[in-house]
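To keep things clear, I will list the structure first and then write my remarks on it.
This one's a predicted model, so the numbers in the text were calculated from it and none came from an experiment.
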Amino acid sequence: MSATVSLKVPSPRGPQPVTVAYTRVGSGEPLLLLHGIGHHRQAWDPVVDILAAERDVIAVDLPGFGASPGLPDGLAYDLPTTTSVFAALCEALELDRPHVAGNSLGGLLALELGRERLVRSVTALSPAGFWSEAERRYAFAVLLTMRRISQRLPLPLVERLSRSAAGRTMLTSTIYARPARRPAEAVVAETLALARATGFDATLLAGAAVRFADDVPGLPVTVAWGTRDMLLPRRQGVRAKQIIPRARLVRLPGCGHCPMNDDPALVARVILDGSR
């Protein structure tokens with residue numbers, strides 16, 4: 001079921017209205033899925049049906065991405081604001097401390113929700129925030145390049161490229177280790193999502209100073225990293241384990257930065273095992 005929910009989020013100017021788009025499917029304990037910067041909730045499509053067999057799955061478009069409108073004036077695209085948005089979302093959808101899984105920016109947000117004790121378990125796939133300054137600059141430069149390319153490519157060209165394995169590789173090999181597996185229509189949709197994301201620039205700017213430096217005690221945490229992640233090198237997973245010593249660190253063989261597409265069965269199993 002695709003839907004939107006209207007929320008009130010605190011700000012210095014008083015409560016501000018925020019609208020969030022989401023898809024909800026399945027039954028069981030609630031599981032919130034959070035995508036990365038420039039992506040949309042459909043990034044989780046390869047694993048949703050597997051997860052929905054055991055979980056009440058809520059895949060969300062972050063504010064300013066996918067079908068979710070941007071934040072109103074007065075709300076920043078930073079971790080405290082986004083945490084407030086998801087606290088309000090859980091209240092509106094009557095989710096009592098859901099499990100949460102996130103990828104990239106979504107993984108960082110998932111860990112932040114865990115640190116704030118708003119969720120019952122965290123699975124973070126290649127989470128942002130464990131980078132050195134040089135690694136952050138590299139990742140941001142790649143993301144900005146991807147964004148500019150997506151904005152400049154005419155839609156007919158994107159559609160034509162997506163129809164071949166070579167074209168899909170050209171468009172998405174930065175984030176997928178196996179881009180040919182991505183359906184053509186999905187590649188077109190996510191290229192458009194990156195081009196049209198109203199929250200992209202402000203989110204990237206806010207992320208420049210972000211480092212995740214706190215433990216997440218008292219709840220299960222899984223950090224998983226693809227061995228072929230070209231955006232955030234897997235050595236960042238070792239840093240994450242040092243900062244969150246009780247976390248389970250999982251290697252995802254043959255997977256890229258967005259591993260849900262590269263090995264759906266493995267990623268679903270990692271999420272389910274981490275949310276028992």
Salt-bridge contact R181-D262 (side-chain N to carboxylate O under 4.0 Å):
no
Is E133 salt-bridged to R137, cutoff N-O under 4.0 Å?
yes
Kindly indicate whether the side chain of Q42, heavy atoms from C-beta on, has any atom under 4.5 Å from the side chain of E190.
no
Aromatic plane relationship, H39 with Y176 - under 30° parallel, 30 to 60° tilted, over 60° perpendicular:
tilted
R147 side chain to A197 backbone, donor-acceptor under 3.5 Å
yes
In the hydrophobic cluster built from side-chain contacts under 4.5 Å, what are the other members alongside V188?
I149, L153, L155, L157, V158, L161, M170, L171, V187, L192
Can you check whether Y77's main-chain N or O pairs, donor with acceptor, with T81's side chain at less than 3.5 Å?
no
Looking at D49, I'd like to know if its CG atom is crowded, meaning that more than 12 non-hydrogen atoms belonging to other residues, nucleotides or ligands lie closer than 6.0 Å.
no
Joint cluster assignment, V100 & I37, ILVMFWY side-chain distance < 4.5 Å
yes
Backbone N or O of V270 within a donor-acceptor pair of the R248 side chain at under 3.5 Å?
yes
Is a side-chain donor-acceptor pair under 3.5 Å present for T23 with R41?
yes
Exam field: side chain R168 to backbone S162, donor-acceptor pair closer than 3.5 Å:
yes
Pairing of R13 and D73 as salt bridge, 4.0 angstrom limit
no
So, the side chain of T82 versus the backbone of D78: is there a donor-acceptor pair under 3.5 Å, distance only?
yes
Worked verdict on L118 versus F86 for side-chain contact (heavy atoms from CB on, under 4.5 Å)
CA-CA 9 Å; L118 296 171; F86 284 108; over 6 Å; no
Are the side chain of N103 and the backbone N or O of H257 linked by a donor-acceptor pair below 3.5 Å?
yes
So which atom in A195 and which in Q151 form the shortest heavy-atom distance, rounded to 0.1 Å?
O-NE2, 3.3 Å
Criterion side chain to side chain donor-acceptor pair (under 3.5 Å) against S275, the qualifying member of H99, E54, R55
R55
Determine, using the 4.5 Å side-chain heavy-atom cutoff (strictly less than), whether V267 and L232 are members of one ILVMFWY cluster.
no
Using the rule that Ile, Leu, Val, Met, Phe, Trp and Tyr join whenever any side-chain heavy atoms are under 4.5 Å apart, tell me whether L125 and L51 fall into a single cluster.
yes
4.5 Å side-chain heavy-atom contact, V57 and L33
yes
For L194 and S150, the nearest pair of non-hydrogen atoms, with its separation, is CG-OG, 3.5 Å
Output yes when E29 and R276 qualify as a salt bridge under the 4.0 Å nitrogen-oxygen rule, no when they do not.
no
Evaluate the ring planes of F130 and F212, with Trp represented by its six-membered ring, and classify them as parallel (under 30°), tilted (30 to 60°) or perpendicular (over 60°).
tilted
Are I58 and W44 connected in a single hydrophobic cluster, I mean Ile/Leu/Val/Met/Phe/Trp/Tyr linked by side-chain heavy atoms less than 4.5 Å apart?
no
S6 side chain to T19 main-chain N or O, any donor-acceptor pair under 3.5 Å?
no
Kindly work out whether a path of hydrophobic side-chain contacts (I/L/V/M/F/W/Y, heavy atoms less than 4.5 Å apart) joins L71 to V60.
yes
To the nearest 0.5 Å, tell me how far I175 CD1 sits from L231 CG.
9.0 Å
Please give me the minimum heavy-atom distance between G254 and A177, naming the atom from each residue.
O-CB, 3.3 Å
